[in-house]
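Just so you know, these numbers come straight off a predicted model, no measurement behind them. Atoms considered below: every heavy atom in the structure, side chains included; atoms not considered: hydrogens, waters and symmetry mates. Numbers here simply count residues along the sequence, with the first being 1.
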Amino acid sequence: MHGEYKVPGGKLVVVDFDVRDGRLANVALAGDFFLEPDSALAAINAALEGLPTEADSQAIAAAVRSALPEGTQMLGFTPEAVGTVVRRALVTAAGWEDFSWEVIHDHAVSPQMNLALDEVLTNRVADGSRVPTMRMWEWDTNAVVIGSFQSYRNEVDPEGAARHGFEVVRRISGGGAMMMGAGQIVTYSLYVPASLVAGMTFADSYEFLDDWALQALRSLGVAATYQPLNDIASPQGKIGGAAQKRLASGGVLHHATLSYDIDGAAMTEVLRIGREKLSDKGTTSAAKRVDPLRRQTGLPRAEVIDRFMETFQKLHGASVGRVTDEEYAEAQELVRTKFDTDAWLHRVP
């Protein structure tokens, strides 16, 4: 068995082992990480030797941690990373380099069409009719996008939304509401096969799939970090958040929305929960909690998006593609039957 795992913001961890009678054997850990003392590597290998193949990543990490010599320094990786790489080896997980990739930045469409495209393109990657893809969103109207499991009436103030010109739509992934003002947000979606995140916990997969975006932000001078479970932040404040949906077809949708600009007053008048969240954190203004990219970079939104596209292409050898007419047609039908219906919007009243 062979497994590899590039720690987000860290180093590559590699493991090789055999399986005998349902247990790990002849374990050899390697990588470009830093580890002191040298004897710690043998201790980690010994801790992994004989573990049952059904051990989850947390159990593997616990075994590693308990075996480390006193004073061990692990730089660029953690016991949890060892747990992840072992699990990925056991399920023969794929890496970024195992796929051809496309990047898409098409014309603006409605919020409902963006949400429908997320579902259509994820399923197409799953069935092999599309290569794994990163798509930058553009939309033609202001929208509040609520999470799949959020209550419409608890989350949104309809009068405030109407007053500020925000349409309300519901996505298929969980998480919280996002105010997506025209020209005020940078949003991307990843459509990937489940094998890319095989062996990872949900929490690990979030950071793994957004690591390229952190690299793009850092290249713009933003000291971006990942804050579990799903926030992207800098020392100045939160930048945005991610959400994920794993479809029965075998495709994984991972998307993130980052604030380019913000109207803090409108946020507190449109989102009901926003008021409680701000109060709970002792924050009087949404603008103090979220620090947008316009202020942090001083760049036009288009230049920020270009850097995201360039970074993804450079890291993963992606070619520039487009949504096909057939995919648009399939998504339009999904808008009609699902995303533009009251039954979907109010499925959680």
Side-chain angles (χ1 to χ4, degrees), residues 3-10 12-13 15 51-65 77-96 98-99 115 118-119 121-123 125-126 132-135 145-150 170-178 187-215 224-233 238-258 273 277 312 316 348:
E4 298 185 5
Y5 175 54
K6 170 63 170 62
V7 179
L12 179 68
V13 185
V15 70
L51 285 180
T53 55
E54 64 268 20
D56 62 20
S57 59
Q58 291 88 353
I60 297 168
V64 169
R65 185 175 288 105
F77 78 126
T78 62
E80 286 71 24
V82 177
T84 297
V85 75
V86 171
R87 290 308 314 169
R88 285 174 64 76
L90 286 166
V91 297
T92 59
W96 294 93
D98 293 319
F99 302 101
L115 298 172
D118 271 359
E119 186 167 335
L121 299 183
T122 304
N123 280 323
V125 168
T133 300
M134 187 278 284
R135 178 176 73 95
V145 183
I146 62 176
S148 179
F149 309 107
Q150 288 188 294
R170 185 185 295 276
R171 63 181 183 265
I172 62 173
S173 62
M178 300 299 297
T187 295
Y188 61 83
S189 292
L190 284 170
Y191 315 111
V192 306
S195 60
L196 182 63
V197 294
M200 295 185 192
T201 65
F202 269 78
D204 286 342
S205 72
Y206 271 77
E207 187 172 8
F208 177 77
L209 291 174
D210 278 332
D211 186 56
W212 70 272
L214 298 186
Q215 294 186 54
T225 58
Y226 211 82
Q227 304 295 324
L229 170 69
N230 62 334
D231 284 350
I232 296 173
K238 178 177 175 179
I239 299 170
Q244 195 175 108
K245 180 68 175 180
R246 303 193 181 198
L247 302 185
S249 61
V252 176
L253 164 65
H254 179 95
H255 44 199
T257 295
L258 311 180
I273 299 297
K277 284 183 178 178
F312 194 92
H316 303 307
V348 182

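- Interatomic distance, T133 OG1 to L190 CG, rounded to the nearest 0.5 Å: 9.0 Å.
- Take M200 and apply the side-chain contact (heavy atoms from CB on, under 4.5 Å) test, not counting sequence neighbours, and it matches Y5, T84, R88, V197, D204, S205, F208.
- Between G241 and D231 the shortest heavy-atom distance is CA-OD1, 4.1 Å.
- Counting heavy atoms from C-beta on, the side chains of L247 and V252 never come closer than 4.5 Å.
- Residues G199 and V91 share a closest heavy-atom pair of N-CG2, 3.8 Å.
- Using modelled atom types, one side-chain atom of R170 and one backbone atom of S148 make a donor-acceptor pair closer than 3.5 Å.
- Using a 4.5 Å heavy-atom cutoff, the side chains of V82 and V15 are not in contact.
- Aromatic ring pairs are classed by plane angle as parallel below 30°, tilted from 30° to 60° and perpendicular above 60°; the pair W96 and H316 is parallel.
- Residues F99 and S195 are in side-chain contact: their nearest non-hydrogen atoms beyond the backbone lie under 4.5 Å apart.
- When side chains are defined from C-beta on, V125 counts as touching P193, because their heavy atoms get closer than 4.5 Å.
- A cation-pi arrangement, defined by a distance under 6.0 Å to the six-membered ring centre and an angle within 45 degrees of its axis, is present between R246 and F202.
- Ring centers of H254 and Y206: under 6.0 Å apart, within the cut-off.
- Inter-residue side-chain proximity for V348 and I146 is flagged as unmet; no heavy-atom pair is nearer than 4.5 Å.
- Residues E80 and T201 are not in side-chain contact: their nearest non-hydrogen atoms beyond the backbone lie 4.5 Å or more apart.
- E119 and N123 are not linked by any side-chain donor-acceptor pair at a separation below 3.5 angstrom, with hydrogens and angles left out of the test.
- When only modelled atom types and interatomic distance are considered, Q227 and T225 share a side-chain donor-acceptor pair under 3.5 Å.
- The backbone N or O of E207 lies less than 3.5 Å from no partner atom in the side chain of D210, so there is not a single donor-acceptor pair.
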Side-chain donor-acceptor pairs of residues 55-64 under 3.5 Å, sequence neighbours excluded:
unit_1	atom_1	unit_2	atom_2	d
D56	OD1	Q58	N	3.3
D56	OD1	A59	N	2.8

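- The closest side-chain heavy-atom distance from M134 to Y191 is not below 4.5 Å.
- Checking side-chain atoms of N230 against main-chain N and O of A242 turns up a donor-acceptor pair under 3.5 Å.
- Salt-bridge check for R135 with D118: passed, with a basic side-chain N closer than 4.0 Å to an acidic carboxylate O.
- Inter-residue side-chain proximity for H255 and S173 is flagged as met; some heavy-atom pair is nearer than 4.5 Å.
- Residues A81 and V7 share a closest heavy-atom pair of CB-CG2, 3.7 Å.
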